[in-house]
Amino acid sequence: MPAKLNIAVFASGKGSNFQAIIDALQHGFIRNTTIVLAITNNSNAGALAIARTHHIPALHLTNGQYASDDAFNKALLQALDNHHVNFIVLAGYMKKIDPVIIRKYKNRVINIHPALLPAFGGKGMYGMRVHEAVIASKDAVSGATVHLVDEEYDRGRILLQQSVPVDPTDTPETLAAKVLEIEHRIYPEVIRRIAEGQIVLDEEQPAGAN
Ligand code: GRF
């Protein structure tokens with residue numbers, strides 16, 4: 001069994017993935033894991049209310065609160081340290097994670113993207129824009145991807161993907177709802193596999209391997 005995961009969830013929005021992970025923990029689906037901290041850059045994030053309900057320490061941290069990006073990153077790293085975080089789960093965090101953080105938590109940061117990467121990923125591809133692009137492409141399938149985060153947008157090793165058909169009648173909104181349902185299944189599943197050692201993040205992967 002790998003070392004226990006002490007997770008910080010980073011979320012800027014509604015927090016439905018955060019909630020799905022909490023549910024999976026409460027049902028015993030994910031073991032060997034605690035969410036020790038929630039971080040948001042949005043004081044209105046649903047994630048803050050979710051954290052409060054579940055007595056998870058939460059912090060609202062923005063660059064604007066600090067004199068420099070450096071000071072912000074230091075404060076963030078300090079908070080992660082204070083809470084003994086050893087794993088970061090990005091769940092709709094609308095801000096690029098600084099390389100300083102990625103380096104410190106190398107192979108210990110995961111993200112979920114609402115499409116089948118490498119398609120429909122990269123800078124500017126977030127939220128409804130992703131689903132609009134999928135519909136415009138006339139692709140017959142979309143889906144969700146959980147991946148490791150490295151210093152480039154949406155480019156880290158893919159850990160799990162699941163697809164969903166795109167129906168001719170789908171709008172970006174209906175597609176988003178279908179994809180979100182999949183996200184709520186595969187994100188807890190990936191964390192479960194990591195916590196149980198079924199996915200090993202530290203080993204070198206041969207090119208093209210999942
Ligand atoms: C999800 O669609 C996720 O793929 C993307 O941001 C959205 C977050 O939704 N990265 P929620 O805040 O978890 O409801």
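Indexing begins at 1, ligand by ligand and atom by atom, following the structure's order.
Judged by distance alone, the side chains of Ser12 and Asn41 do bring a donor and an acceptor atom under 3.5 Å apart.
In terms of heavy atoms, Thr145 sits closest to Ile186 at N-CD1, 4.2 Å. Counting all heavy atoms, side chain and backbone alike, Thr33 lies closest to Ala195 at OG1-CB, 3.3 Å. Considering all non-hydrogen atoms of both residues, Glu132 and Pro172 come closest at CG-CG, 3.6 Å.
Protein heavy atom in closest approach to atom 9 (O) of ligand 1: Asn17 ND2, 3.8 Å. The protein atom (non-hydrogen) at minimum distance from atom 14 (O) of ligand 1 is Ser16 OG, 2.5 Å. Scanning the protein for heavy atoms near atom 8 (C) of ligand 1, the closest one is Gly92 CA, 3.7 Å. Given atom 10 (N) of ligand 1, the protein heavy atom at minimum distance is Ile112 O, 3.0 Å. From the protein, the heavy atom lying nearest to atom 4 (O) of ligand 1 is Glu183 OE1, 2.8 Å.
Counting the atoms of ligand 1 from 1 in the order shown, those under 4.0 Å from a heavy atom of Pro114 are 2 (O), 4 (O). Near Lys14, meaning under 4.0 Å from one of its heavy atoms, ligand 1 places the atoms 12 (O), 14 (O).
Closest heavy-atom approach to atom 12 (O) of ligand 1 within the set Ala176, Ala20, Gly46, Gly15: this belongs to Gly15.
Note: His60 NE2 to Gln65 CD = 5.5 Å, rounded to the nearest 0.5 Å. Distance check, rounded to the nearest 0.5 Å: CD1 of Ile101 to CG of Leu80 gives 6.5 Å.
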